[in-house]
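All values below were derived from every heavy atom in this structure, side-chain atoms included, with hydrogens, water molecules and symmetry-related copies excluded.
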Amino acid sequence: MESRLTHVPAPEGVFPATAYTHVVAGTGRFVAVSGQIALDDKGELVGEGDPAAQARQVFGNLRRCLAAVGAGFEDVVKLTYFLTDMAYLPAVREARDLHLDPDRLPASSAVQVASLVDPRLLMEIEAFAIVPDCAR
């Protein structure tokens, strides 16, 4: 299926983005995925102290959440990263690039936070997607 999303990486007069897209628009059904953390299906923390392992688990959880409504990473229009340390951003981007086309990245925001719900968590990532009306 051809994408119904339009990516505008550099709107006129805006400095080009290097690791995200400034604007993503689309038509279809809106999906909001709550911030995902590095817990496995048993509620156990994955990758204590390891940002790369936590990022991989978080993106795996996002993939499973999107799939539950017939969506995939190709439908994601916005990611928001909540990191306890901005030094974890390269690990997040590495995990992200395993799931997303680097030429069609979603809009993104990264925010450093003082802490998350569990002090062992290094990150939480939420996603917004737009899926075709016929997807379930």
ask   = Are Ile37 and Asp118 close enough that some pair of their side-chain heavy atoms sits under 4.5 Å apart?
value = no
message = Determine whether Ile130 and Asp75 satisfy the following criterion, side-chain contact (heavy atoms from CB on, under 4.5 Å), listing intermediate values before the conclusion.
response = CA-CA 5 Å; Ile130 299 176; Asp75 302 305; 6.0 Å; no
key: Nearest-0.5 Å distance, CG of residue Leu5 to CZ of residue Arg104   = 6.5 Å
ask   = Taking side chain as C-beta onward, heavy atoms only, is Pro11 less than 4.5 Å from His22?
value = yes
message = With no hydrogens and no angle check, just 3.5 Å: does a side-chain donor-acceptor pair link Asp50 and Gln54?
response = no
query = Judged by atom type as modelled, is there a donor-acceptor pair below 3.5 Å linking the side chain of Thr21 to the main-chain atoms of Val8?
reply = no
ask   = Are Leu121 and Val92 co-members of a hydrophobic cluster defined by side-chain heavy atoms under 4.5 Å apart?
value = no
note = Value for CG (Leu98) from CZ (Arg93), rounded to nearest 0.5 Å, stands at 14.5 Å
inquiry  = Between Arg64 and Asp41, does any side-chain N to carboxylate O distance fall below 4.0 Å?
reply    = no
query = When you look at Leu39 and Leu45, which way does the side-chain contact (heavy atoms from CB on, under 4.5 Å) test go after all the steps?
reply = CA-CA 5 Å; Leu39 297 181; Leu45 177 67; 4.3 Å; yes
query = Leu89 and Val113: same hydrophobic cluster, using ILVMFWY side-chain contacts below 4.5 Å?
reply = no
key: Any Phe59 side-chain heavy atom under 4.5 Å of Leu79 side chain   = yes
message = Please find the pair of heavy atoms, one from Leu105 and one from His7, that lie closest to each other, and give the distance.
response = O-CD2, 3.2 Å
message = Would you say that Arg63 contacts His99 through its side chain, given a criterion of any heavy-atom pair below 4.5 Å between the two side chains?
response = yes
Residues that, via side-chain heavy atoms closer than 4.5 angstrom, fall in one hydrophobic cluster with Tyr20 = none
task = Could you walk me through whether Leu66 and Val33 pass side-chain contact (heavy atoms from CB on, under 4.5 Å), step by step?
result = CA-CA 7 Å; Leu66 291 164; Val33 179; 3.9 Å; yes
inquiry  = Go through it in stages, so that I can follow the logic: the residues are Ile125 and Leu62, the test is side-chain contact (heavy atoms from CB on, under 4.5 Å), and I'd like the CA-CA distance, side-chain angles, deciding distance and then a yes or no.
reply    = CA-CA 8 Å; Ile125 303 172; Leu62 287 168; 3.8 Å; yes
query = Is the number of heavy atoms from other residues, nucleotides or ligands within 6.0 Å of CD (Gln112) greater than 12?
reply = yes
inquiry  = Donor-acceptor pair, distance only, cut-off 3.5 Å: does the side chain of Thr80 make one with the backbone of Ser109?
reply    = no
request  = Might you point out which heavy atoms bring Met86 and Val111 nearest each other, and give the distance in Å?
outcome  = CE-C, 3.5 Å
inquiry  = So that I can tick it off, tell me whether Asp40 and Lys42 are bridged by a salt bridge, with the cut-off set at under 4.0 angstrom between side-chain N and carboxylate O.
reply    = no
ask   = Ala91 and Ala55: which non-hydrogen atoms are nearest, and at how many Å?
value = O-CB, 3.8 Å
message = Within the structure provided, determine whether Arg29 and Pro132 are in side-chain contact (heavy-atom separation under 4.5 Å).
response = no
task = State whether the side chain of Arg96 and the backbone N or O of Pro102 hold a donor-acceptor pair below 3.5 Å, judged by distance alone.
result = no
key: Side-chain donor or acceptor of Asp97 paired with backbone N/O of Glu94 under 3.5 Å   = no
query = Checking Gln36 side chain against Ser34 main chain: does a donor-acceptor pair fall under 3.5 Å?
reply = yes
key: Sequence-distant partners of Phe128, ring-ring contact (aromatic ring centres under 6.0 Å, His included), two or more places apart   = Phe30
note = Minimal heavy-atom distance between Val131 and Ala71, with the atoms involved, is CG1-CB, 3.1 Å
key: Leu100 with Val69, same ILVMFWY side-chain cluster at under 4.5 Å   = yes
ask   = Is there side-chain contact between Thr84 and Leu116, with heavy atoms separated by less than 4.5 Å?
value = yes
